[in-house]
Each structure stands twice: as structure tokens, then as C-alpha cells.
Amino acid sequence: MFFLNFMFFNILLTVFVYANDISLQSDSVAVNDKFDDEYINKIDLNDENSGLYHTSKHVFYWLYTRDNPDGQLLNRSEPHLIESTTFNATNPIKVIVHGWLGDTKEKESLCNYNVKSYLKVGEYNVICVDWKQYSTDLSYAVARARAKHIARDIAKVLTRITYNMTIGVETLHLIGHSLGAHIVGFVGKNLVDKIPRITGLDPARPNYENNAPKIDFILLMLIL
């Protein structure tokens, strides 16, 4: 009986996804503003101490280098998160952030594609931000509301990795896809004049078209 219920739920979920044109890490979605607004109004999205926003417990950072191409999970208990890793401050730093419904471990994911490409051509510290525990929320508006909290966490982590933005910052490059493009933009707003390069790949449009954030960093690339 459990198996039948499970299968029935998955069939309904599949029908819902296709009916609303929801594709992996895409912004071509049908956003039901009424439903999302009703859901959001029930929670305090600005309370970083609420159970919903213990962001540091739900966002993970994976480091990939030529010495460890399979990836290492950064340890938040270490002062700079990199003491027990193969991180090399003399190598360029690439930080990759996936979009809504995305993750870092899928074979064809944004993370895996870029990790292979960068490590093939040179020595890099590639850090993939895994916010799958939030990005897989089928309510796009809720995932969007989490973007600023995730960006704030990324900014804090980067500050620790770079010893308060003093080591390796000149090569720091943030890359975000879809909703991740907005997240890296918000990181730039948290670290004003600190990030030399930010790339937004196909930024998500729903709920951003008429209220895009002001851009405050040195170089922004939007690839549509």
C-alpha cells in the first residue's frame, strides 16, 4: 500500500512539473503568485533565527582541485574552512552557484561541467555551493526569498576562506545560473567593492523583471 501511494504521489508530482513547464535549473516556469504569496505570508522570511533559516545547516560548500578532483566538503568548524583541504591560495578561485531545482552532484550539473572544464585547463580552486535542500522547494517564490539569506552565508564563508578578504581575492570569480545568478549578485552587495568578477548565466526572470537589484561591483557579465 505504501508503495502504491508513493508511486501515485510521484505521478502527480510529474504531471504537476510538466503541466507548469518546470525544467531543471530553468526560469521558464509558471509562477502562481497568489499561491506563493499565501504560503510566504505564513512564515517570517526575514527572521534569520527562525527554523526555516538556519542557513548554515542547509548550505554546503564543495572544493575541487587537481589534487582532489572528486571534491572535499568544507568544514565549518575550522577557522577558515580550508585547513584540511587541498585549497591553494595561489590558484584562482571560482565559486559556482546552481539555480532553482538544481544541485551540485548530478552528472550534467553546472558544477560538474565547470569543475571538469576548469581543472582540465589549469590549477584552480573550484567551490560549488550546494543549496539543494532549499532549491528543491517547488514554491519558486519561497526559493527566491531565500536567495538573500544564501548570499549572506556565501559572503561569510568567502570572508573566512580569504582571511577577511585579504588572500586570493584578486582572482575571485563568482558564477551563478538562473536563480543562482541573483544569489551571486546579492553576494556582491554584501561584499561591496570586494568581488572583482561576477558572471550571471541566464538569470531567472520571474519576480525579478521589474525590481532588479542595483549593481555595485567591478565587473558583471550577464550571459542570456
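Heavy-atom basis, side chains included; hydrogens, waters and symmetry copies ignored.
Atoms CD1 and OG1, from Ile167 and Thr90 in turn, are 11.0 Å apart once rounded to the nearest 0.5 Å. In this structure, CD1 in Ile195 is found 6.0 Å from CG in Leu158, a value given to the nearest 0.5 Å. Taken to the nearest 0.5 Å, the NZ atom of Lys94 stands 12.0 Å off from the CD1 atom of Ile127. Atom CG of Asn91 sits about 14.0 Å away from atom OH of Tyr118, to the nearest 0.5 Å. Remark: Ile161 CD1 to Phe87 CZ distance equals 6.0 Å, nearest 0.5 Å. Thr85 contributes atom OG1, which lies 10.0 Å from atom CG of Asn75 (distance to the nearest 0.5 angstrom).
Side chain of His182 to main chain of Pro203: no donor-acceptor pair is present (N/O by atom type, distance under 3.5 Å, no hydrogens or angles). When atom types are taken as modelled, the side chain of Trp131 and the backbone of His98 share a donor-acceptor pair closer than 3.5 angstrom. Within the 3.5 Å criterion, the main-chain N or O of Lys120 finds a donor-acceptor partner in the side chain of Arg66. Of the possible donor and acceptor atoms, none in the side chain of Arg160 sits under 3.5 Å from a partner among the backbone N and O of Leu81.
For the pair Val184 and Ile175, the minimum side-chain heavy-atom distance is 4.5 Å or more. The shortest side-chain heavy-atom distance between Leu174 and Thr199 does not fall under the 4.5 Å cut-off.
The list of salt bridge (charged side-chain N to carboxylate O under 4.0 Å, His left out) pairs with a residue in residues 72-82, not counting sequence neighbours, reads Arg76-Asp153.
For the side-chain contact (heavy atoms from CB on, under 4.5 Å) test, residues two or more places apart in sequence or in another chain that qualify with Thr65 are Leu63, Asp67, Asn68, Thr86, Asn125. Partners of Tyr163 by ring-ring contact (aromatic ring centres under 6.0 Å, His included), not counting sequence neighbours, listed by chain and number: His80.
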